[in-house]
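Note sheet for the following structure.
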Amino acid sequence: MDADPAAGAIAKKVAVMYATREGQTRRIAERLATQLRGRGLTVDVLDVGSRPAPPCDLARYSGALLAASVHIGKHEKSMIDFVKAHRAELERMPSAFVSVSLAKASADNAGSTPERREGAASHVAETITRFVRETGWSPKRVHAVAGALLYRQYGVLVRVMMRFIATRAGAATDTSRDHEYTDWQAVDRIGDEFAPLVRSIGT
Ligand SMILES: Cc1cc2nc3c(=O)[nH]c(=O)nc-3n(C[C@H](O)[C@H](O)[C@H](O)COP(=O)(O)O)c2cc1C
């Protein structure tokens, strides 16, 4: 274990694992890591979708925060595979799942209609239910976080499709730039809530 110079004690170690397609979930994972480090924890940030897959011995960690984005109604396959392979270890330690989607942005959009917001909230809930069903893991803590529309990264077809989806969802349709919906304060609160769970283990 690593020393925590700030506390003069042994710092507990947390794995922040993420799966991303366009990069927003990586940014969210890094922000979570910064928040946890600020709370005196040692953190490894690992991309479960990188090839070759990073070696991961969860026994080295006192807690795990997992984050994955949603595409076409499903969370990243690399995260589903990772959770299936490590479910038993995840169930033995403080752990949480962070679901990153555009639907969460629509669900939170105060300027949208109640019907649209309810529809988006249902989509968020359905994708998480599907993840739980596919992995067999029922995380005790689940957080939905709004992602981003990164039009400048998309190819032509995906840009046209996402503009169509954004129109229906009440999201931004200006494809000349990217649009970030992530509520960074909400992300920080996830870290704030998680840190004490890890710190209290074995104390
Ligand atoms: C091709 C495509 C399909 C998507 N499908 C969904 C979807 O079914 N539901 C949703 O809420 N968001 C959907 N999104 C939005 C992503 O979840 C959002 O852009 C997120 O920030 C992506 O995170 P990442 O950059 O970490 O991959 C989709 C985005 C793309 C580009």
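All ligand and atom numbering here is 1-based and tracks the order in the structure.
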Taking only heavy atoms of [X] into account, list the atoms of ligand 1 that are under 4.0 Å away from them.
X: Y154; result: 19 (O), 31 (C)
X: G147; result: 21 (O)
X: S69; result: 22 (C), 23 (O), 24 (P), 26 (O), 27 (O)
X: H123; result: 7 (C), 8 (O), 9 (N), 10 (C), 11 (O)

Using a 4.0 Å heavy-atom cut-off, which part of R26 comes near ligand 1: side chain, backbone, both, or neither?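 The answer is neither; R26 stays 4.0 Å or more away.
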Got Y18 and L32 here, is their nearest side-chain heavy-atom distance under 4.5 Å?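 Sidechains of L32 and Y18: no contact.
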Could you check if a side-chain atom of Y61 sits within less than 4.5 angstrom of a side-chain atom of D44, using non-hydrogen atoms only?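 With C-beta onward as the side chain, the pair touches.
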Should the pair E193-R141 be classified as a salt bridge under the 4.0 Å nitrogen-to-oxygen rule?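 No.
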Nearest neighbour in protein (non-hydrogen) for [atom]:
atom: atom 2 (C) of ligand 1; answer: H71 CD2, 3.5 Å
atom: atom 1 (C) of ligand 1; answer: M161 CE, 3.4 Å
atom: atom 24 (P) of ligand 1; answer: T20 OG1, 3.2 Å
atom: atom 13 (C) of ligand 1; answer: V70 O, 3.4 Å

Just go through [options] and tell me whose heavy atom is the nearest to [atom].
atom: atom 22 (C) of ligand 1; options: E22, K74, R159; value: E22
atom: atom 8 (O) of ligand 1; options: G73, S99, A29, A68; value: G73
atom: atom 4 (C) of ligand 1; options: I72, T127, V124, L150; value: I72
atom: atom 18 (C) of ligand 1; options: A67, A146, A107, A148; value: A148

Please confirm whether V100 comes under 4.0 Å of ligand 1, counting heavy atoms of the residue only.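 Yes, V100 has heavy atoms under 4.0 Å from ligand 1.
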Please say whether [X] places an N or O atom under 3.5 Å from an N or O atom belonging to ligand 1.
X: A103; value: yes
X: K104; value: no
X: A19; value: no
X: L102; value: yes

Angle between ring planes, H179 versus Y151, binned at 30° and 60°: parallel, tilted or perpendicular?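 If you compare the ring of H179 with that of Y151, the planes turn out perpendicular.
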What's the verdict on side chain to side chain contact (heavy atoms under 4.5 Å, CB included) for Q35 and V187, showing C-alpha distance, side-chain angles and the deciding distance? CA-CA 9 Å; Q35 194 69 4; V187 174; over 6 Å; no
Donor-acceptor check, side chain of K104 to backbone of V145, threshold 3.5 angstrom: yes or no?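 The answer is no, because no donor-acceptor pair under 3.5 Å joins these two groups.
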